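In what follows, a structure is listed as structure tokens, so that the remarks can point back to it.
Residue indices begin at 1 and follow the sequence shown. Everything numeric in this text was worked out from a predicted model, so none of it was measured. FYI, side chains are in, hydrogens and waters are out, and symmetry mates aren't considered; it's all heavy atoms of this structure. Just follow the structure's listing: the first ligand is 1, and inside any ligand the first atom is 1.
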Amino acid sequence: MNIAKEIKSYQSFLSSYNAKLVAVSKTKPNDLIMDAYNCGQRIFGENKVQELVSKHEALPKDIEWHMIGHLQTNKVKYIAPFVSLIHSVDSIKLLKEINKQAAKNNRIINILLQVHIAQEEHKFGFNLTELSETYNEIKKLELKNIRITGFMGMATNTSNQEIINSEFKSLQKTFETIKGQHPTDDLSEISMGMSNDYKIALENGSTLIRIGSAIFGKRNYV
Ligand SMILES: *Cc1c(COP(=O)(O)O)cnc(C)c1O
């Protein structure tokens with residue numbers, strides 16, 4: 001992979017959208033991350049807490065680290081001091097723990113609610129049809145140390161573009177509805193789209209695309 005070339009081409013492609021690139025560096029070594037960093041990339045996504053912590057320690061401190069993978073409540077404390085966005089908040093229990101750990105660190109942590117939009121059962125996330133009620137319930141908790149900046153969704157792993165398109169569209173629609181119900185909230189992000197479906201995601205209003213293998217090459221494990 002020519003990482004610099006890939007990063008530059010995504011950056012220029014994205015300049016016509018209101019969207020940012022999250023370079024998904026999971027399983028990839030620090031020297032490859034530095035190749036991306038050296039051509040201006042600052043947002044990196046990881047899905048394992050231990051890997052995220054050790055890369056944060058080793059690499060430049062102006063990197064914005066995004067947690068994109070399933071997060072266990074007992075591990076929140078390790079990333080709470082530095083994480084800039086958690087995409088994968090899929091339960092109220094987790095939300096409360098992030099709030100607690102953020103308070104301990106005197107921070108407000110930005111988070112996205114992960115929403116289940118795929119046909120596949122195994123994917124995590126809040127129920128799409130109940131999202132508006134869930135959002136209201138969460139607001140009532142008055143968690144002062146988290147800021148919900150939007151939603152994250154993963155489409156079904158399929159080559160059928162129509163299925164992917166309709167799943168992304170359903171999240172965008174619900175995002176717009178909830179934003180309309182809460183006009184003064186900080187809702188501005190929709191994290192949708194990976195290496196294989198980011199173009200469809202951008203057409204449906206994605207503001208954060210999460211690209212791994214198309215930049216860093218195939219992974220040996222997930
Ligand atoms: C691994 C991963 C990605 C990146 O996937 P690619 O297909 O390699 O682009 C995006 N989002 C999440 C949540 C991931 O775990």
* Asked: Does ligand 1 have an atom under 4.0 Å from some heavy atom of His87?
  -> no
* Structure fact -> Contacts of Asn160 meeting side chain to side chain contact (heavy atoms under 4.5 Å, CB included) (sequence neighbours excluded), chain-then-number -> Thr158, Glu162, Ile163
Pull out every atom of ligand 1 sitting under 4.0 Å from any heavy atom of [X], numbered as shown with elements.
X      : result
Arg210 : 4 (C), 9 (O), 10 (C), 11 (N), 12 (C), 13 (C)
Ile211 : 9 (O)
Gly212 : 4 (C), 6 (P), 8 (O), 9 (O)

* Do the side-chain N and O atoms of His116 and Asp90 include a donor-acceptor pair separated by under 3.5 angstrom? -> no
* Taking atom types as modelled, find out whether Asp62 and Tyr37 have a side-chain donor-acceptor pair closer than 3.5 angstrom. => yes
* Is there at least one pair of N or O atoms, one from Asn47 and one from ligand 1, spaced under 3.5 Å apart? -> no
* Asked: Is the NZ or CZ atom of Lys199 positioned over Phe13's six-membered ring, under 6.0 angstrom from the centre and within 45° of the axis?
  -> yes
* Structure fact -> Sorted by chain and residue number, the side chain to side chain donor-acceptor pair (under 3.5 Å) partners of Glu97 (sequence neighbours excluded) come out as Gln101
